[in-house]
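First comes the structure, then the notes that go with it.
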Amino acid sequence: MVQIMTDTVAQLTEKVALEHGIKIVPAATIYCDGKTFIDGVDITSTEAYELLAQNPKQFNTAAMPQHYITEILKQVGAREKEIFYITLSSKISVVHDVVVMASQEAMGKVTGLTIRVFDSLSASGGEGLIALAAAKAAAKGLDFHEIAEVAFKARQEAECLFVFETLADTYRSGRIPRIGARAADVLGVKPLCRIHQDGKVHAAGLARSRAKGIQRMLDMTRERVGEKPINVIIGHTASPEAAEDLKTQVENEFNCRDIFVSEFSPVMGYATGPGILGISSCPDFDIPV
């Protein structure tokens, strides 16, 4: 069976990953107050957000080095000779390029190993839903080409929507100027963002409150999926209760085949700040046997 792999940004919980046989690889190294941590290995997202709140000026992240990814691929390749690796969008991170280089190196060192790196053109739960679709295809015994077709279809359908609680920290990513972030907070608006198909983060509107922002996300999801059965990942940064409330709301309003809550990776949370909520969804579709 083809081994499905993805990174920690995909928001797949340990339980979900184990259930579907997905290997999760750290996406980033976290630096804070002179200490180094590996995302998902020796620090959880919750712990990372606690450090960010305590030491915002000392907190930073960077993509995992190539040699680290290469070693993981070699270890997996010693057991499984076919790997389908789904990455964070190449349009917003260097993670994809690092994995491509690491896979080439690993294939040169492990006899008979074949690795297909698939750009999710998404992030957070969108990336995770693509990985889940690929894992379901692999579990049915589909080959590389067939799994790629399933992943491509999921990539075309998956969408990520986010509503920000504050823009005070977003200038760190370089995507929003400091003056713009401060102005938005002064005005009290809650910006919405969207990732869909092209792998880039797009503005999706403004809301006067988080509640109105959530309603706009629900409306946008409904416009896209209608009554279709969908799979959903609810994402959040340091807002577990709000995320559970949103999960309940989505369950009540949509035909959910599968839905769960997961905290955003610190790779995203560092750039977005606390309090962000997201709905990632993908229509459920039949996978051929």
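Predicted model, so just to flag it, every value in this text is computed and none were measured.
Looking at Arg155 and Glu127, no side-chain N of the basic residue comes within less than 4.0 Å of a carboxylate O on the acidic one, giving no salt bridge. Glu105 has a carboxylate O that lies under 4.0 Å from a charged side-chain N of Lys109, or vice versa, which qualifies the two as a salt bridge.
Distance alone, capped at 3.5 Å, is enough to place a donor-acceptor pair between the Thr44 side chain and the Glu47 backbone. In this structure a side-chain-to-backbone donor-acceptor pair under 3.5 Å is missing from Ser122 to Ser120.
The one candidate from Leu246, Asn252, Thr248 that meets the side chain to side chain contact (heavy atoms under 4.5 Å, CB included) condition with Val250 is Leu246. Results of the side chain to side chain contact (heavy atoms under 4.5 Å, CB included) test with Leu132 over Asn231, Ile86, Val16 single out Val16 as the only residue that passes. Exactly one residue among Arg224, His196, Gln197 makes a side chain to side chain donor-acceptor pair (under 3.5 Å) with Glu159. That residue is Arg224.
Heavy-atom minimum distance, Ile287 versus Lys140: O-NZ, 3.0 Å. Annotation for Val110 and Gly77: closest pair CG1-O, 3.9 Å, computed over non-hydrogen atoms. Nearest heavy atoms, Ile195 versus Ala123: CD1-CB, 3.9 Å. Contact record, Ile279 with Leu218: CD1-CD2, 3.8 Å, taken as the closest heavy-atom pair. Taking each heavy atom of Leu121 and Asp198 in turn, the nearest pair found is CD2-O, 4.1 Å. Here the closest non-hydrogen pair linking Ser265 and Ser45 is CA-OG, 4.0 Å.
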Intermediate values then yes/no, side-chain contact (heavy atoms from CB on, under 4.5 Å), Ile30 and Thr36: CA-CA 6 Å; Ile30 297 167; Thr36 302; over 6 Å; no
Full working for side-chain contact (heavy atoms from CB on, under 4.5 Å) between Val163 and Met217: CA-CA 8 Å; Val163 60; Met217 288 196 298; 3.7 Å; yes
Ile233 vs Ser124, side-chain contact (heavy atoms from CB on, under 4.5 Å): CA-CA, chis, key distance, verdict: CA-CA 9 Å; Ile233 299 178; Ser124 65; over 6 Å; no
Working for side-chain contact (heavy atoms from CB on, under 4.5 Å), residues Ile230 and Arg257: CA-CA 6 Å; Ile230 58 174; Arg257 288 281 174 84; over 6 Å; no
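Geometric assessment of Lys247 against the ring of Phe260 yields a negative cation-pi assignment under the 6.0 Å and 45° thresholds.
Taking the six-membered ring for Trp, Phe59 and Tyr49 have ring centres at least 6.0 Å apart. Between Phe84 and Phe118, the distance separating the two ring centers is shorter than 6.0 angstrom.
One side chain, Thr46 or Glu263, offers a donor N or O that lies under 3.5 Å from an acceptor on the other.
Other residues, nucleotides and ligands place no more than 12 heavy atoms under 6.0 Å from the NZ atom of Lys212. Residue His145 places its NE2 atom among 12 or fewer non-hydrogen atoms of other residues, nucleotides or ligands, all under 6.0 Å distant.
Atom CD in Gln11 sits 6.0 Å away from atom OG in Ser280 (nearest 0.5 Å).
Counting only heavy atoms from C-beta outward, the side chains of Ile4 and Lys23 never approach each other to under 4.5 Å.
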